[in-house]
Protein chains: 2
Amino acid sequence: MSVSPTPSAGPATDAADPDWLRLDRQICFSLNAASRAFNGVYRVLLKDLGLTYPQYLVMLVLWERGALPVKQLGEHLRLDSGTLSPLLKRLEGAGLVRRERSASDERSVRVTLTGEGTALRERALEVPRRIAAATGADPAEIGELRDRLDRLTGALDAAVRELEQGPAAR
Amino acid sequence: MSVSPTPSAGPATDAADPDWLRLDRQICFSLNAASRAFNGVYRVLLKDLGLTYPQYLVMLVLWERGALPVKQLGEHLRLDSGTLSPLLKRLEGAGLVRRERSASDERSVRVTLTGEGTALRERALEVPRRIAAATGADPAEIGELRDRLDRLTGALDAAVRELEQGPAAR
DNA sequence: GAGCTTTTGGTTGTGCACAATTTAATTGTG
DNA sequence: CACAATTAAATTGTGCACAACCAAAAGCTC
């Protein structure tokens with residue numbers, strides 16, 4: 001591969017080269033740190049709105065798409081019911097959404113914005129600008145980073161599918 | 001800015017332009033998704049070792065630096081005792097580390113690798129290579145992404161500090 | 001229509017992140 | 001020495017992520 005050989009040590013055990021573990025840590029670690037740092041900024045900015053960051057994501061989808069069943073909400077956000085069910089109950093408890101069984105399909109639960117939930121959008125409008133300011137990067141750079149992350153996510157998801165069902169061959 | 005104006009609607013309220021919320025969602029959302037996708041790959045690769053991803057990070061630090069007090073472990077990983085204490089107890093329960101009060105400073109708890117914990121390193125050596133393969137990117141691209149994320153994290157952390165103590169002025 | 005599979009949500013349990021509080025040991029100051 | 005302030009961990013409580021499992025409702029097939 002195109003991995004540059006370690007210029008320093010290790011003639012003896014190439015596989016035990018500590019650099020492998022260090023390099024790796026920095027990749028995954030950097031992403032983890034960035035994710036949590038982002039979370040920290042959102043935590044501060046959303047405190048006034050009474051929302052957590054995942055709750056904000058749910059509200060964004062509802063503001064953009066209107067009422068949705070839980071299933072579709074989960075598809076937009078890549079979250080399953082184990083995460084969404086309690087989250088939506090808290091949003092309902094806060095008076096921002098209603099959850100009501102569909103009449104046509106009793107299995108489906110439709111999530112609808114209340115008046116209060118719709119009104120909250122006004123106060124959320126300035127959040128993106130403040131986030132952009134916090135990143136200290138211009139929109140073009142942010143866009144490039146986003147594309148790169150999306151490609152990475154696609155590759156990682158594909159790798160997981162391959163790892164899980166590839167070797168076992170079902 | 002380079003944000004393309006919405007071709008469709010909204011002449012009335014510029015501040016209510018839905019694009020702001022959409023664009024924003026994609027930045028934070030992409031990072032969140034990438035972080036969780038990475039977590040998914042690690043989950044699969046680390047299952048054999050009996051480690052979760054944060055536990056793996058702790059082990060990486062210990063393999064690299066040797067025994068450390070909880071405080072320093074937390075500084076390396078940006079994690080506090082609320083996260084580390086139960087995590088370390090689980091690692092101790094798995095027989096990978098020991099936790100012992102320092103003799104010189106009874107407040108401090110020193111985390112030490114057991115023989116089993118040290119031995120586990122051998123089996124972890126192949127993880128980075130498999131992660132790199134899963135990303136589908138060459139090391140140079142990964143390195144660039146890492147630098148970008150680190151810069152982003154720095155800017156976000158600075159923004160949080162400013163938001164929290166700047167306005168209030170202590 | 002009886003019986004099977006699929007779909008949709010919910011529940012439970014484990015583990016992590018983080019804020020807030022608590023305890024014990026140490027340090028600093030009079 | 002007494003006493004306040006600081007420090008290191010632990011604990012508690014809330015919320016999210018995800019796996020595993022369950023239940024009810026549709027949809028199918030014969």
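These numbers come from a predicted model, not from an experiment. So you know, we letter chains A, B, ... as the sequences are listed, proteins then strands, and number each from 1. As a basis for the values below, the full set of heavy atoms in this structure was taken, side chains included, without hydrogen atoms, waters or symmetry mates.
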### Message
On DNA chain D, compare the nucleotides closest to A:A103 and A:P86; which residue's is nearer the 5' end?
### Response
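Nearest nucleotide further toward 5': that of A:P86.
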
Is a salt bridge present between [X] and [Y], judged by a nitrogen-to-oxygen distance below 4.0 Å?
X: B:D157; Y: B:R78; answer: yes
X: A:R98; Y: A:E116; answer: no
X: A:E106; Y: A:R101; answer: no

Rounded to whole Å, please give me the gap between [atom1] in [X] and [atom2] in [N].
X: A:E106; N: D:dA24; atom1: CD; atom2: C1'; result: 10 Å
X: A:N32; N: C:dG15; atom1: CG; atom2: P; result: 18 Å
X: A:E75; N: C:dG9; atom1: CD; atom2: C1'; result: 14 Å
X: A:L88; N: C:dT8; atom1: CG; atom2: C1'; result: 14 Å
X: A:R110; N: C:dT7; atom1: CZ; atom2: P; result: 21 Å
X: B:L46; N: C:dG15; atom1: CG; atom2: P; result: 15 Å

#### Entry: Nearest to side-chain heavy atoms of B:R36, which nucleotide of D:dC18, C:dG9, C:dG15
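Comparing D:dC18, C:dG9, C:dG15 against the side chain of B:R36, the answer is D:dC18.
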
### Query
Where the side chain of B:V109 is concerned, which of C:dG9, D:dA9, C:dA17 is the nearest nucleotide?
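The answer is D:dA9.
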
### Task
For D:dT11, give its Watson-Crick or G-U wobble partner with both distances under 3.5 Å, or none.
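Pair assignment: D:dT11 / C:dA20.
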
